[in-house]
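Take a look at the structure set out below.
In this chain, residues are counted from 1 in sequence order. Everything numeric here is computed off the predicted structure, so don't read it as measured data.
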Amino acid sequence: MTDAPQPSLKPILRISFSGQDRLGRGKMELLEHIQKTGSISAAGRAMDMSYRRAWMLISELNHMFREPVVESQRGGQKGGGAALTPFGEELLRRFRSMETMLRTAIADDLDWLEANRSAAKALPDKA
């Protein structure tokens, strides 16, 4: 079995709203981890970030839209937790779909860039 080589050029989608609000791959990855773990702190740990930083990013997301993206529950018998709202799940799905459409739309241009790249820059440094 052979592994297909990963493309070395990778477009990155980031959407800037008016003001300083941004929507990008980091926040989407955080949402995916919350979806998997049911926890903001576990999601933050999975991304090597503090609970405070993860909570601040979720707070930003929740204030960017008319509907909340993540809902959290304080501790209790089962402890606290967090979950994506239906809106949050749709946001994540649509963002991932936009990334796929972006890659598809510019695939030929990325191939052209790759073909015309300097050979010294195409290989990662092995220092």
Side-chain angles (χ1 to χ4, degrees):
M1 182 167 112
T2 60
D3 291 327
Q6 294 294 318
S8 59
L9 300 178
K10 181 180 179 182
I12 296 172
L13 176 63
R14 183 175 78 183
I15 301 170
S16 296
F17 290 60
S18 60
Q20 295 183 337
D21 291 335
R22 285 188 219 112
L23 192 61
R25 62 189 179 148
K27 287 177 181 160
M28 294 300 107
E29 184 180 345
L30 184 61
L31 291 181
E32 287 174 330
H33 285 294
I34 290 170
Q35 195 174 46
K36 288 176 190 169
T37 65
S39 164
I40 294 172
S41 59
R45 280 192 303 274
M47 294 179 67
D48 239 4
M49 76 172 62
S50 69
Y51 171 78
R52 184 179 190 285
R53 177 72 179 138
W55 186 88
M56 288 175 69
L57 291 172
I58 295 305
S59 180
E60 284 177 30
L61 280 168
N62 281 340
H63 287 95
M64 287 171 64
F65 299 100
R66 291 185 298 200
E67 296 183 44
V69 176
V70 174
E71 290 181 330
S72 59
Q73 293 181 314
R74 297 206 183 268
Q77 272 187 316
K78 294 183 179 181
L84 271 58
T85 63
F87 177 81
E89 289 177 0
E90 181 69 6
L91 173 66
L92 179 58
R93 186 194 66 74
R94 285 179 179 262
F95 189 89
R96 293 304 187 208
S97 175
M98 286 187 277
E99 286 180 318
T100 299
M101 287 188 285
L102 171 65
R103 284 190 301 272
T104 301
I106 65 172
D108 289 341
D109 295 314
L110 289 175
D111 290 344
W112 183 86
L113 288 171
E114 185 66 46
N116 288 287
R117 226 171 132 174
S118 168
K121 295 289 182 182
L123 299 173
D125 291 334
K126 294 190 177 188

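Two residues are said to be in side-chain contact when any heavy atoms from C-beta on lie closer than 4.5 Å; Leu57 and Arg53 meet this criterion. Leu23 has its side chain within reach of Met64: a pair of non-hydrogen atoms, C-beta onward, lies under 4.5 Å apart. In this structure the side chain of Leu110 reaches within 4.5 angstrom of the side chain of Pro11, judged on heavy atoms. Using a 4.5 Å cut-off on side-chain heavy atoms (C-beta onward), Glu99 and Arg25 make contact. Taking 4.5 Å as the limit, some side-chain heavy atom of Thr100 sits within range of a side-chain heavy atom of Arg103. Using a 4.5 Å heavy-atom threshold, the side chains of Thr85 and Glu67 count as separate.
Between Arg94 and Glu90, at least one side-chain nitrogen of the basic residue sits less than 4.0 Å from a carboxylate oxygen of the acidic one, meeting the salt-bridge criterion. Taking the charged nitrogens against the carboxylate oxygens, Glu32 and Arg96 do have a contact shorter than 4.0 Å, which makes a salt bridge. Salt-bridge formation is not detected for the pair Glu60/Arg22: no Lys NZ or Arg NE/NH1/NH2 atom is positioned less than 4.0 Å from an Asp or Glu carboxylate oxygen.
Side chain to side chain, Ser39 and Ser41 meet the donor-acceptor criterion of an N or O pair below 3.5 Å.
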Exercise for review: Using the side-chain contact (heavy atoms from CB on, under 4.5 Å) rule, take Ile15 and Asp21 through it: C-alpha gap first, then chi angles, then the decisive distance, then the call.
Suggested key: CA-CA 9 Å; Ile15 301 170; Asp21 291 335; over 6 Å; no

Practice item. Start with the C-alpha gap between Met47 and Leu30, add the side-chain angles, then the distance that decides, and say whether side-chain contact (heavy atoms from CB on, under 4.5 Å) holds. Key: CA-CA 7 Å; Met47 294 179 67; Leu30 184 61; 3.8 Å; yes

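Within 6.0 Å of CE on Met56 lie no more than 12 heavy atoms contributed by other residues, nucleotides or ligands. No more than 12 heavy atoms of other residues, nucleotides or ligands lie within 6.0 Å of CG in Asp108, so this atom counts as exposed by the packing criterion.
Shown here for Ile12 and Leu102, the closest heavy-atom pair between the two residues is C-CD2, 4.5 Å. Nearest heavy-atom pair, Gly44 versus Ala54, reported as atom, atom and distance to 0.1 Å: CA-CB, 4.1 Å. Residues Arg117 and Leu9 approach most closely at NH1-CD2, 3.3 Å, considering heavy atoms. Nearest heavy-atom pair across His63 and Ser59 is ND1-O, 2.7 Å. For His33 against Ala43, the heavy-atom pair with the smallest separation is CB-CB, 3.5 Å. Closest heavy-atom contact between Ile40 and Ala82: CG1-CB, 3.6 Å.
In this structure, the separation between CD on Glu29 and CE on Met49 is 7.5 Å, given to the nearest 0.5 Å. Taken to the nearest 0.5 Å, the NZ atom of Lys27 stands 10.0 Å off from the CZ atom of Phe95. Separating the CZ atom in Phe65 from the CG atom in Leu91 is a distance of 4.5 Å, to the nearest 0.5 Å. With values rounded to the nearest 0.5 angstrom, Ser97 atom OG is found 10.5 Å from Leu13 atom CG.
In terms of modelled atom types and a separation under 3.5 Å, the side chain of Asn62 and the main chain of Val69 share a donor-acceptor contact.
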